[in-house]
Amino acid sequence: MIIKKTARFYVIEAVPRLALRDVTGPAGLALLRRHGFLIVTSLGSEFERRLEALRLSMLEWFRQSSETKEDRVGGVYVSERGVPMFRVGYEAQARIRECFRIAVAKPLWPGESRAARDAIVLFRKLADRVLAAAVPRPRRAEEEEVDEDFSVAYAFYYPNTDAYGLDNNGTLVGPHADPSLVVVAPVADVPGLYVFDPATQSWLSVEIAARPRRELVLFSGKALETASRGAIPACVHKVLKTSKTPRLSFVFEQKYASFYSHLRHFGD
Ligand SMILES: O=C(O)CCC(=O)C(=O)O
Ligand SMILES: [Fe+2]
């Protein structure tokens, strides 16, 4: 529940939440237009099983020694704009978090487990269905073949110890919108992710509003706002250190080249 205080009274508005099977229908699109995000529930046992496998594999992977993790680094990811962004694989981001980046089209996986790839298959399928519903456009067969996939998935480990989030009262990642189309993230066990709800003009703690291991948060990025001609606002979100408990999170960000052609500067 979101309680918003206006000048004279309180407005109570439900957290936008829909069963997986309804997300791509009219109700899902209406919630995305209004809020820019929604909680996806009733995932089904197969989906929940994969979320749990993903959680356990992240836990195990980040527990390894620094040397082992630092060895797991691959090539440079060139973004949808033609900009070299980062190396895929592991990176320790001082005072914020540890991170493992997966370029979905050319993946370097964190470990032997299939958990990340199995989960990404589900996240991607959901994001593809949402995109098709939100931005209906006749896709020619040849376009489908050449539409390069720049989607990225991230596994994050936030230690949340005293050495982290030293600036700005525990802000680990400041307010921003992602460059992607659709973003899908399992609800983490530990609070930290906040989404801004334009309908209530307030921040919502995803992990307090939604059920860890049972639900997902799905939100829009800047490219979906552009592709929907502003109908679906890009979701502004941030990560705070609200407790000293370590937090694991996983984020899938959908990006297809044809939605970014106006931004590309490949060449030199
Ligand atoms: O860790 C999270 O829950 C979200 C992180 C995020 O928004 C980002 O890295 O862009
Ligand atoms: Fe983000």
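Both ligands and their constituent atoms are indexed starting at 1 by order of listing. In this text the structure is predicted, and so the values were computed from the model without any measurement. FYI, side chains are in, hydrogens and waters are out, and symmetry mates aren't considered; it's all heavy atoms of this structure. Positions are given from 1, in the same order as the sequence printed here.
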**Request:** Distance to 0.1 Å, residue and atom name: give those for the protein heavy atom nearest to atom 4 (C) of ligand 1.
**Result:** V239 CG2, 3.7 Å
**Asked** With atoms numbered from 1 as shown, which atoms in ligand 1 lie under 4.0 angstrom from a non-hydrogen atom of D178?
**Response** 10 (O)
**Prompt:** Heavy atom of Y158 under 4.0 Å from ligand 1?
**Reply:** yes
**Electrostatic pair E48-R214, nearest N-O below 4.0 angstrom** = yes
**Request:** Examine the proximity of ligand 1 to V173 and report which part, side chain or backbone, both or neither, has a heavy atom under 4.0 Å away.
**Result:** neither
**Prompt:** What about E253: any of its N or O atoms under 3.5 Å from an N or O on ligand 1?
**Reply:** no
**Prompt:** Looking at ligand 1, does R97 have a heavy atom less than 4.0 Å from it?
**Reply:** yes
**Asked** Distance-only, no hydrogens or angles: does the D178 side chain make a donor-acceptor pair with backbone N or O of G221 under 3.5 Å?
**Response** no
**Item:** Subset of ligand 1 atoms that lie under 4.0 Å from at least one heavy atom of S249
**Value:** 1 (O), 2 (C), 3 (O)
**Request:** Mark yes when over 12 heavy atoms from residues, nucleotides or ligands other than R21 sit less than 6.0 Å from its CZ; otherwise mark no.
**Result:** no
**Request:** Mark yes or no for whether E207, through its side chain, and P212, through its backbone, hold a donor-acceptor pair below 3.5 Å.
**Result:** no
**Request:** Report, as a single number, the protein N, O or S atoms less than 2.8 Å from the Fe ion (ligand 2).
**Result:** 3
**Prompt:** Quick one: salt bridge (Lys or Arg N to Asp or Glu O under 4.0 Å) partners of E46, sequence neighbours excluded?
**Reply:** R49, R50
**Request:** With heavy atoms of H237 as the reference, note each atom of ligand 1 found under 4.0 Å away.
**Result:** 7 (O)
**Taking every non-hydrogen atom, the tightest pair across C235 and H237** = O-ND1, 3.1 Å
**Prompt:** Parallel, tilted or perpendicular: which describes the rings of Y90 and W61, with under 30° parallel and over 60° perpendicular?
**Reply:** tilted
**Request:** Report the nearest protein non-hydrogen atom to atom 10 (O) of ligand 1: residue, atom name, distance rounded to 0.1 Å.
**Result:** H176 NE2, 3.0 Å
**Message:** Before you tell me yes or no, could you show the steps for K241 and N160 under side chain to side chain contact (heavy atoms under 4.5 Å, CB included), namely the whole-Å CA-CA distance, both residues' side-chain angles and the distance that decides it to 0.1 Å?
**Reply:** CA-CA 6 Å; K241 183 171 79 172; N160 286 344; 3.6 Å; yes
**Item:** Ligand-side contact atoms (ligand 1) for residue partner F156, heavy atom cut-off under 4.0 Å
**Value:** 1 (O), 5 (C), 9 (O)
**Prompt:** Under 3.5 Å, is there a donor-acceptor pair between the side chain of R17 and the main chain of A209?
**Reply:** yes
**Request:** Taking the side chain as every heavy atom from C-beta outward, state whether L204 and F37 have any pair of such atoms under 4.5 Å apart.
**Result:** yes
**Ring-face cation of R101 near F86 (centre distance under 6.0 Å, axis angle within 45°)** = yes
**Asked** Which protein heavy atom lies closest to atom 3 (O) of ligand 1, and at what distance to 0.1 Å?
**Response** R247 NH2, 3.0 Å
